[in-house]
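Each ligand, and each atom within it, is numbered from 1 in the order the structure gives.
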Amino acid sequence: MELTANAKINLTLDILRKREDGYHDLQMVMQSVTLADQLTVAPAQGEEGTALSDLHFLPTGGKNLAQMAAAAFRAATGRGGEVDVSIRKRVPVCAGLAGGSADAAAVLRAMNGLAGTGLSLEELAQIGERVGSDVPFCVLGGTALAEGRGERLTPLAPLPACYITLCKPPFSISTPQLFSRVNVRKIVRRPDTAGVIAALEAGDLAGVARRMYNVFEDVLETRRLAEINEIKSVLIDCGALGASMSGSGPSVFGLFADRDRAQEACDCLLESYRDVFLCAPAGPNV
Ligand code: ATP
């Protein structure tokens with residue numbers, strides 16, 4: 001079975017409170033994008049399933065999120081055998097783009113087909129929750145409000161047609177470290193989540209773009225923030241309607257109404273960065 005595993009960007013990321021269980025309650029407007037990994041999922045040749053990709057540093061066995069999803073599917077349904085997963089990795093790793101979660105979500109959809117279980121996407125999303133908090137969104141795809149740890153999903157009106165220039169600078173940011181630096185009471189700037197949702201409903205791309213924000217930007221180390229802001233400036237100077245960091249970073253994206261301007265931003269960023277992509281919004285999975 002061949003599947004496309006779309007990455008996601010955060011049009012907004014807000015942290016509402018720290019919970020008793022140590023996790024944070026989040027509120028995020030998530031959007032699937034056409035930047036994607038390609039997966040092939042087939043019944044395993046050997047006794048145990050494998051997960052092979054074109055990136056040598058990713059785990060190839062049970063620690064790969066693709067295999068963790070297969071195990072979660074078997075545990076939840078009592079159906080489905082071992083599978084071999086082959087991944088053409090195009091989504092940068094540790095980038096705030098949920099590439100691993102997208103692979104996991106694609107495997108859940110594949111297992112559902114291979115085992116003939118006929119589960120709905122919502123049921124698969126529930127299984128995905130056990131694999132990672134971005135997996136439920138990746139199962140559904142499209143545009144959605146994600147709340148709680150990210151597992152409570154409400155589908156939203158789609159992002160109007162546009163072009164997205166995405167750039168991942170060559171450093172990684174530790175998500176637990178970012179969370180530990182957040183003091184919810186001291187967050188000064190927040191995204192206008194309700195305004196973004198209203199702008200989506202109105203089909204107002206510029207209205208979405210100018211209200212985007214990610215509260216993690218507030219707690220980045222100074223030199224990291226400077227680099228994120230520099231990328232944002234390039235995007236805006238090239239004509240982006242708005243720019244923001246995705247998830248726990250470090251990827252930064254800009255939304256463009258015009259393809260040529262989005263391409264120009266790519267060309268500009270490619271002078272300094274390797275991981276630069278031109279993509280578009282992707283619709284929900286069916
Ligand atoms: P998120 O936006 O959900 O925080 P991310 O983009 O920051 O995700 P990923 O690339 O999804 O991070 O995952 C990174 C970690 O998961 C790495 O430590 C990587 O080794 C591990 N991993 C396991 N399986 C995969 C996979 N199939 N693809 C990518 N990373 C994987």
Practice item. Enumerate the protein residues lying less than 4.0 Å from ligand 1, judged by heavy-atom distances, in chain and residue-number order. Key: Lys8, Leu58, Pro59, Lys63, Asn64, Leu65, Ile87, Lys89, Val93, Cys94, Ala95, Gly96, Leu97, Ala98, Gly99, Gly100, Ser101, Asp103, Asp134
Check your understanding: Are side-chain N/O atoms of Glu151 and Ser133 paired as donor and acceptor at under 3.5 Å?
Key -> no
**Study point:** Approximate separation, where rounding is to 0.5 Å, of Leu3 CG and Ile87 CD1
**Key:** 11.0 Å
Exercise for review: Ignoring hydrogens and angles, state whether a donor on the side chain of Asn10 or Lys8 is under 3.5 Å from an acceptor on the partner side chain.
Suggested key: yes
Exercise for review: Verify the distance criterion only: is there a donor paired with an acceptor across the side chains of Ser180 and Gln177 at less than 3.5 Å?
Suggested key: no
Practice item. Kindly indicate, with the supporting measurements, whether the criterion salt bridge (charged side-chain N to carboxylate O under 4.0 Å, His left out) is fulfilled by Asp54 and Arg90. Key: CA-CA 9 Å; Asp54 43 10; Arg90 290 297 170 268; 3.1 Å; yes
**Study point:** Aromatic plane relationship, Phe179 with Phe216 - under 30° parallel, 30 to 60° tilted, over 60° perpendicular
**Key:** perpendicular
